[in-house]
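In what follows, chains are A, B, ... by sequence order, proteins preceding strands, each numbered from 1.
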Protein chains: 2
Amino acid sequence: MEALTPSLEDYLEAIWTISLRDKVARVKDIAKSLRVSTPSVVNALNVLLEKNLIKHERYGYIELTDQGALKAKEVDEHHKLLFTLLNEIFGINAGIASKDACKIEHHLSKETIKRIEQFIQFLEEDQEEKAFFTSRFKDFVEKGEEDMGDKKVSKADFTLRDLKPGEKGKVIKIKGKGNLKKRLLDMGIVPGTEIQLKKVAPLGDPVDILVKGYHLSLRKGEARDILLEKV
Amino acid sequence: MEALTPSLEDYLEAIWTISLRDKVARVKDIAKSLRVSTPSVVNALNVLLEKNLIKHERYGYIELTDQGALKAKEVDEHHKLLFTLLNEIFGINAGIASKDACKIEHHLSKETIKRIEQFIQFLEEDQEEKAFFTSRFKDFVEKGEEDMGDKKVSKADFTLRDLKPGEKGKVIKIKGKGNLKKRLLDMGIVPGTEIQLKKVAPLGDPVDILVKGYHLSLRKGEARDILLEKV
DNA sequence: TCCTTTTGTTAGATTAGACTAACATTAATA
DNA sequence: TATTAATGTTAGTCTAATCTAACAAAAGGA
Ligand SMILES: [Mn+2]
Ligand SMILES: [Mn+2]
Ligand SMILES: [Mn+2]
Ligand SMILES: [Mn+2]
């Protein structure tokens, strides 16, 4: 079986999703869904018919053959996979993520698809880790946009991440939003609080800090969100 | 300026990289680089000339105009960006990563490109975090492939991650490779060691464990690599 | 310099995928 | 049921991108 062109894959994909939504697919639905003219659809259908991927008799409904359904499902799965990567992980808005996914779904090797699957599964495996990771990334993106406007964030600042073991600082502000910020505040890390860095473990490990007599563990990423001034 | 087709973008990109490598670009080099015939190249060059993206006189060398260089550079940057994502972060081998990057580089919205840039920068910002993250993902991928062969990993096993606070287990094996494994072994976590889980913090935080009288912090991801049996 | 090899160009064909205009069939409804 | 509206099809055109075969120019070597 010869490889299908991107265009033909999109036709199959459209027939698949329309068949799920409504019961059957019709020429005008496909045309609408793909924003092409009906003659373009008819032309594509003839090619797909030739390749035994659809069943279609003149003026009748359109159905996928087993072979066609197999391929259509695959395209649809790739679409969804890429959508998840773009939307859920990279945080791209649904409309754009879906458009981009549908364009590149035809161009990736099976190796790459597999890896993306694994990458998503890797994060999925630990929902907490994923939530943490994606929210940190979101903060990072928002922080960047913020900095565009700010220009000078307040020159003399340094962050908890910049302290050396033993050094102290006083909290000015906690950057970031949502869970992260809330959690830090709950831990007693509010503006004015004095913090001493105890130790930093190597490779992805937490930093150990002393606040109000208590030991706390923070991730390095979090430490970078805590702005300090000299004590 | 009308949008360029993927094909024309590839011609620009080829001219750009050839011009950097050698001093000038010639028809046969472009043909070789893109694996097309020389008449195909000539045809494309005429189109690019029409659009003021290259300078070219019959039988002479090919140069990019300022406008052409701008576009070529952009395509090349996107190519490199996507290559980094696929190769460095997802761990796809260079050959495939490059091919796939060159296919999809023409199809992504500027929003998506921007986000991928930010994602890479996000990991780049903290080399340790990145090393940890990518090595964990690598382990995850390798573990998956391993399980294909293994089939039954040894039925009664559970991992450190499965313990509840207060519960104990005895180390059977440490999965994963490289840094991670070495570090765990250095910490005294070897087969036969008895471990007690003390507490698990919410949201991306470490698990606190007691080994040989010492407290240690591990990330949840790491905890899942430590296979235990009942004490 | 003149012949040969390398490189570039032209001409013409092919394929895929879109379009519009015109026509055919089927479905809806008066 | 007869007409109209909606839907589908055919025919013919266009553009982009490729190819092969044949020819032309430039470069290199005897
Ligand atoms: Mn698509
Ligand atoms: Mn799609
Ligand atoms: Mn390309
Ligand atoms: Mn490229």
Notebook entry, point to check: Quick one: which of D/dT20, C/dG8, C/dA18 gets closest to the side chain of B/V27?
Noted result: C/dG8
Notebook entry, point to check: Think B/S40 has a side-chain N or O under 4.0 angstrom from the OP1 or OP2 of D/dC19?
Noted result: yes
Next item on the list: Would you indicate what B/T5 reaches in the nucleic acid, counting non-hydrogen atoms under 4.0 angstrom: base, sugar-phosphate, or nothing?
Entry: sugar-phosphate
Check: Just wondering, are more than 12 heavy atoms of other shown residues or ligands nearer than 6.0 Å to NZ in B/K99?
Finding: no
Next item on the list: Quickly work out the B/N43 CG to D/dC19 C1' distance and round it to whole Å.
Entry: 11 Å
Note to self: Taking only side-chain N and O atoms of B/S37, does any of them lie within less than 4.0 angstrom of OP1 or OP2 on D/dT18?
What the structure shows: no
Next item on the list: Would you please confirm or rule out a distance under 4.0 Å between OP1 or OP2 of C/dT7 and any side-chain N or O of B/R26?
Entry: yes
Check: Whole-Å distance between D/dA16 C1' and B/K51 NZ?
Finding: 11 Å
Note to self: Within the supplied structure, the quantity of interest is the number of heavy atoms (other residues, nucleotides, ligands) at a distance under 6.0 Å from B/D22 CG; does it exceed 12?
What the structure shows: yes
Checklist line | Sugar-phosphate, base or nothing in reach of B/S7, heavy atoms under 4.0 Å | finding: sugar-phosphate
Notebook entry, point to check: With nearest nucleotides of DNA chain C determined for A/Y59 and A/V47 from heavy-atom distances, which residue corresponds to the more 5′ nucleotide?
Noted result: A/V47
Check: Can you list the steps and then say if B/E74 with B/K71 is a salt bridge (Lys or Arg N to Asp or Glu O under 4.0 Å)?
Finding: CA-CA 5 Å; B/E74 184 185 289; B/K71 184 69 196 172; 3.3 Å; yes
Notebook entry, point to check: In terms of the nearest nucleotide of DNA chain C, which residue is placed more toward the 5' end: B/L45 or A/Y61?
Noted result: B/L45
Check: Between B/S109 and A/D100, is any side-chain donor less than 3.5 angstrom from a side-chain acceptor?
Finding: yes
